[in-house]
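Heavy atoms only: backbone and side chains are in, while hydrogens, waters and symmetry mates are out. Just so you know, ligand 1 is whichever comes first in the structure, and atom 1 is the first atom listed for that ligand. Bear in mind that the values here come from a model prediction, so they are computed numbers and not experimental data.
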Amino acid sequence: MHLPRRITNIQPPVIPILGEWIRSNPGTISLGQGIVSYGPPPEVMQAVQAFGGTLADHRYGPVEGQPELLAILRDKVTRENGLSLQRRRVVVTAGGNMAFLNAVLAVTDPGDEVILPVPFYFNHEMALTMIGCRAVPVPTDQRYQLDLDAMRAAITPRTRAIVTVSPNNPTGAVYPEAALRAVNALCAEHDLVHITDEVYEYFTYGGVRHYSPGRDPASRAHTIALFSLSKAYGFASWRIGYMVVPEELFDAVNKVQDTNLICPPLVCQAAAAAALRVGRAYCAPRVAELDVVRREVHETLGGVGDLVEAPPTDGAFYVLLRVKTTMDAFTLTRRLIERHKVAVVPGSAFGVTDTCALRISFGALDRDTVAAGMTRLVEGLRVEVG
Ligand SMILES: Cc1ncc(COP(=O)(O)O)c(C=O)c1O
């Protein structure tokens with residue numbers, strides 16, 4: 001069967017490959033997938049049980065989402081993110097990934113370029129390739145912070161957008177307000193869209209604060225902000241995210257979403273409304289617990305010596321380690337699983353090709369299991385590359 005380049009040019013999804021290796025090596029501790037260890041608040045299940053009593057519950061809803069959920073989201077983005085909704089619209093999506101796809105389909109033509117700081121979130125690169133755009137990788141610095149000059153230098157007449165992910169997957173970096181403002185201003189200067197992925201907005205540590213670039217009134221017409229309930233509310237399977245778009249792009253996003261989804265599943269929207277009514281307070285103590293795990297992970301890595309370099313994690317629940325070896329990250333990952341029963345994600349999946357980088361995710365497991373996984377990881381690295 002002939003497969004088109006939109007498929008063959010895309011890297012195979014790394015998480016299922018790791019899943020296969022993990023299944024073949026029972027007892028492996030997975031510091032792989034980027035999920036949280038908890039589920040949603042009980043109010044979610046109450047809302048689900050109450051759902052379905054009317055005929056409308058079983059019919060299509062509005063493309064952009066249910067009015068009740070949209071009202072909650074409008075209040076949330078205004079109050080928490082400081083986004084003015086003057087000439088902006090909120091759209092509920094089936095998760096942050098779909099919000100990204102909606103955004104890039106709404107603003108690009110095939111052959112257009114979108115700038116992604118490296119390391120990038122692999123599904124962003126995959127989505128761009130799939131729709132016939134060029135993902136243009138630009139480097140970040142040693143601490144995985146943005147390099148504005150590199151971004152500026154990468155802009156061509158085909159560039160349509162710059163993507164920032166803060167807090168970042170896979171690095172755990174959080175970009176300061178000034179850096180994000182500078183990217184947003186660069187976009188304005190070159191008539192580009194700034195797509196801001198904020199799905200880890202609640203996950204910041206040690207007094208570091210998340211900044212929503214859409215806060216700046218000057219950002220209104222060229223900023224698309226993406227959010228998700230997957231991480232904050234342990235809500236990944238329900239597939240609910242949302243986006244805040246300039247009024248001028250609303251019809252374009254609606255066209256895309258109507259074609260792909262028609263509307264996000266109504267039961268999931270009811271569940272999302274219930275989670276959002278509980279609000280950020282649900283997530284806050286869990287982030288405080290993760291902070292303890294984060295510090296322990298970095299302490300362990302600090303004891304490894306100069307075999308690895310681990311830039312700080314100020315947000316999300318990741319560390320992107322640089323390992324001093326000439327071995328490629330995929331091979332090392334496989335050995336760590338097969339010989340040491342610990343799984344991480346190879347940095348090559350995130351576009352890191354010049355060093356052997358490994359992503360540790362510490363969000364999904366309890367503190368003791370993470371500690372056990374870290375012991376195996378350190379031991380494995382000493383044996384395989386030490
Ligand atoms: C940066 C980033 N954006 C988006 C997503 C996808 O989130 P969702 O489950 O809402 O599609 C993830 C999930 O890992 C992510 O890390």
Exercise. If we only count N/O pairs under 3.5 Å, is Gly96 in contact with ligand 1?
Worked result: yes

Exercise. To the nearest 0.1 Å, how far is atom 2 (C) of ligand 1 from its closest protein heavy atom, and which atom is that?
Worked result: Asp197 OD2, 3.4 Å

Seminar exercise, completed: Note: Tyr200, heavy atoms under 4.0 Å from ligand 1, region reported as side chain

For this session: Would you mind checking which non-hydrogen protein atom is closest to atom 6 (C) of ligand 1, with the distance to 0.1 Å?
Result: Asn97 OD1, 3.2 Å

Exercise. In ligand 1, which numbered atoms sit nearer than 4.0 Å to a non-hydrogen atom of Gly95?
Worked result: 10 (O), 11 (O)

Exercise. What do you reckon, are the aromatic ring centroids of Tyr200 and Phe317 less than 6.0 Å apart?
Worked result: yes

For this session: Distance to 0.1 Å, residue and atom name: give those for the protein heavy atom nearest to atom 14 (O) of ligand 1.
Result: Lys231 NZ, 2.7 Å

Exercise. With respect to His340, which candidate in Glu384, Arg376, Arg382 satisfies the side chain to side chain donor-acceptor pair (under 3.5 Å) definition?
Worked result: Glu384

For this session: Can you sort out which atoms of ligand 1 are near Val165, meaning under 4.0 Å from one of its heavy atoms?
Result: 1 (C)

Problem set entry | Criterion side chain to side chain donor-acceptor pair (under 3.5 Å) on Glu198 and Ser212, from CA distance to verdict | CA-CA 8 Å; Glu198 306 178 37; Ser212 291; 2.6 Å; yes

Problem set entry | Among Tyr144, Phe122, Phe120, Tyr121, the one residue meeting ring-ring contact (aromatic ring centres under 6.0 Å, His included) with Phe350 | Phe122

For this session: Would you mind checking which non-hydrogen protein atom is closest to atom 9 (O) of ligand 1, with the distance to 0.1 Å?
Result: Ser230 OG, 2.7 Å

For this session: Give the contacting part of Arg239 toward ligand 1: side chain, backbone, both or neither, where contact means a heavy-atom distance below 4.0 Å.
Result: side chain

For this session: Say whether, by atom type as modelled, one donor and one acceptor occur between the side chain of Gln145 and the main chain of Val174 under 3.5 angstrom.
Result: yes

Problem set entry | Atoms of ligand 1 close to Ser228 [distance to a heavy atom under 4.0 angstrom, numbered from 1] | 8 (P), 10 (O)

Problem set entry | Side chain His222, main chain Asn184, donor-acceptor under 3.5 Å | yes

Exercise. For the residue pair Tyr242 and Phe227, is the inter-centroid distance of their aromatic rings smaller than 6.0 Å?
Worked result: yes

For this session: Ignoring hydrogens and angles, tell me if any N or O in the side chain of Thr325 forms a donor-acceptor pair with the backbone of Met327 under 3.5 Å.
Result: yes

Exercise. Does the Asp57 side chain pair with the main chain of Gly53, one donor and one acceptor, at a distance under 3.5 Å?
Worked result: yes

Seminar exercise, completed: Residue, atom and distance of the protein heavy atom nearest atom 5 (C) of ligand 1 read Tyr121 OH, 3.4 Å

Problem set entry | Polar contact flag for Tyr318 and ligand 1 (N/O pairs, less than 3.5 Å) | no

Exercise. Is there any N or O on His124 that sits under 3.5 Å from an N or O of ligand 1?
Worked result: no

